[in-house]
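Computed from a predicted structure; not experimentally measured.
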Amino acid sequence: MNKAVILAGGQGKRMKAEMPKPLFKVLGEPMLEWVISACEEAQIEDICVVKGYKGEMIDEYLGGRCKSVLQAERLGTGHAVMQAMDFLKEDTEGNTLVLCGDAPFIDPETIKESLIVHKHGGNAVTVITAELDEPKGYGRIIRTKTGISGIVEQKDATEEQRAIREVNSGAYWFRTADLIDMLGRLTNDNAQNEYYLTDTVGIAVADGKGAGAYKSANANIIKGANDRKDLLELNNYARMAVIEKHLINGVEFVCTDGVIIERGVEIGANTQILPGTILRRGTKIGTGCIIGPYSVAENCIIGNNVVFNTAQAYDSVIEDNVNVGPYVHIRPDSTVKAGAKVGDFVELKNSTIGEKTAIAHLAYIGDSDIGKKVNIGAGAVTVNFDGVAKSRCVIGDYSFVGSNSSLIAPLKLGKGVYTAAGTTVTRDVPDYALAIDRGELKVNEGYTLRKLKKNTK
Ligand code: UD1
Ligand code: CA
């Protein structure tokens, strides 16, 4: 069976953070996640991550999803793969893919196509390469008339070799049995006194076992991040690549400033994404919507023809023809049904808002189930928390909750209930009733003049 070893021992000192480098995020996901998901999309499920610096953080992220081994000392890429020896020996029949956990743009097509080349060539090792205009720092691919003969690291290379533009991506396919054999024969006899995984190429050629190179048309597979500036570049690249996919699908962007769309987000044709919009994983948006400006949606299902203006929503559902915003916060587990309006300065939490219900402004609705065609006035608040427990409010269809009503949960308002403005509703109200709690209004005529006279004596 085919499997993968992902090298994730790096620290990333120049990031100035105490975190393993592969956990730094590109478009909201750790670089390691990009690499693992590329493997999974290429149907490689048996994965071992070689961790090093702060390995426990890698394990915590993986949560048992992949195997992991620790490289206690950083003695080179060959040494790192040696740490996975037990994993390699579990099954020596197939091939092993070795990848860098901090090169996020390796893609499933490259993985699959290079495997075909690897198998066809009957190779012990197939290096995935790319041509770079600036190859400095990378291992150079040495070719002869008969094929690839070795990889020379920057620090070990001659002037002539340094002029070569084809470089090692750091990703390889190995025949597993040959990898096990070759790892045992690596030495650290080089400029960096490291066990170079790249030396396997020379060994395979010398053994007559076959070494090949698969040159990827996508040079981005090489891109990694050594510092924050590189990381920003990776983010910018990924950001525009995702936006380009949506453009092809018919999504409209007039200006992409501040627009960040994570991978896996779905957006229907003729939806417009305005500046400053951040769409996080798990979000699905229908057609004909206007999303933004300055909005965030995370793990939300948004229907068709929705206006979502300067709003934030998390783990919620917003159905067709809903109008949200500006300045709305929709917290997890909320559903806003078709045709509803959630206007400025409204917060929803764990609530259902019925069809064509209007919460036009300045309200807090938490732990509530509101029916259809309800009107919630400005300043209305569901009082769902008594300091100890949360309770629910149920508001029946066609009800009218007056401005500044406080609905003290647990509470049930029936159908067609009116609450008078300023009413504090403390018990259930039956269908078609009015709840009014109001002291008699006193108007004390001439009060101000009397007060002024007294104070100016
Ligand atoms: C390596 C390759 C080089 C290639 C480049 C692509 C070798 C000797 N050289 O160079 O040909 O062009 O990658 O980026 O392999 N790692 C460990 N433990 C170690 C050393 C490295 O886990 O002891 C991990 C790193 O965290 C990283 C990957 O292996 O994910 C590559 O290591 P890095 O130091 O970046 O390799 P280079 O020397 O730059
Ligand atoms: Ca590197």
Side-chain angles (χ1 to χ4, degrees), residues 1-9 22 29-52 55 58-59 61-71 77-129 148 168-186 195 197-201 203-204 207-214 216 218 221:
M1 206 180 50
N2 297 325
K3 50 190 172 183
V5 173
I6 301 175
L7 306 185
E29 293 171 77
M31 293 193 273
L32 180 60
E33 179 63 46
W34 286 72
V35 178
I36 292 172
S37 63
C39 289
E40 288 174 346
E41 277 173 49
Q43 279 88 46
I44 299 160
E45 312 268 335
D46 195 13
I47 299 172
C48 179
V49 175
V50 181
K51 61 200 174 179
I58 301 267
D59 282 332
Y61 179 75
L62 292 175
R65 183 161 149 225
C66 306
K67 293 163 189 161
S68 76
V69 290
L70 180 69
Q71 182 193 25
T77 46
H79 181 260
V81 180
M82 286 176 205
Q83 310 312 302
M85 193 56 93
D86 290 345
F87 170 75
L88 296 175
K89 285 182 175 168
E90 276 169 20
D91 170 17
T92 58
E93 285 299 303
N95 298 288
T96 297
L97 174 69
V98 175
L99 297 172
C100 293
D102 52 9
F105 302 143
I106 186 73
D107 60 274
E109 293 69 39
T110 300
I111 291 174
K112 285 193 271 192
E113 281 163 27
S114 57
L115 176 60
I116 292 169
V117 169
H118 175 69
K119 282 186 180 166
H120 268 265
N123 297 336
V125 51
T126 302
V127 188
I128 300 173
T129 72
I148 176 172
N168 170 21
S169 69
Y172 323 73
W173 274 108
F174 290 94
R175 202 188 288 128
T176 305
D178 289 325
L179 175 59
I180 293 169
D181 169 60
M182 294 189 292
L183 285 175
R185 292 155 64 192
L186 294 180
Y195 294 90
L197 184 60
T198 46
D199 286 350
T200 54
V201 173
I203 295 174
D207 285 1
K209 275 181 177 162
Y214 171 85
S216 174
N218 174 10
I221 59 162

Nearest heavy atoms of M31 and P104, plus distance in Å
SD-CD, 3.8 Å

Which atom pair, heavy atoms only, marks the closest approach of T129 to A213?
CG2-CB, 4.0 Å

Just verifying a value: how many Å separate Y214 OH and H118 NE2, rounded to the nearest 0.5 Å?
14.0 Å

Run I203 and L186 through side chain to side chain contact (heavy atoms under 4.5 Å, CB included) and show every step you take.
CA-CA 9 Å; I203 295 174; L186 294 180; 3.9 Å; yes

K3 to T176 - nearest heavy-atom pair and separation:
CE-CG2, 4.0 Å

Is any side-chain heavy atom of N2 closer than 4.5 Å to a side-chain heavy atom of W173?
yes

Is the shortest side-chain heavy-atom distance between F174 and L197 below 4.5 Å?
yes

So do E33 and R65 actually touch side chain to side chain, heavy atoms under 4.5 Å?
yes

Exceeds 12 heavy-atom contacts within 6.0 angstrom, atom NZ of K112
yes

Are the charged groups of R185 and D207 less than 4.0 angstrom apart, N to O?
yes

To the nearest 0.5 Å, how far apart are CD in Q83 and CG in L88?
11.0 Å

What heavy-atom pair brings V125 and A204 nearest, and what distance separates the two atoms?
CG1-CB, 3.9 Å

Please report the shortest heavy-atom distance between A171 and L99, naming the atom on each side.
CB-CD2, 3.5 Å

Between CG on residue L7 and CG on residue D102, distance to nearest 0.5 Å:
8.5 Å

I58 versus A8, closest heavy-atom pair with distance:
CD1-O, 4.0 Å

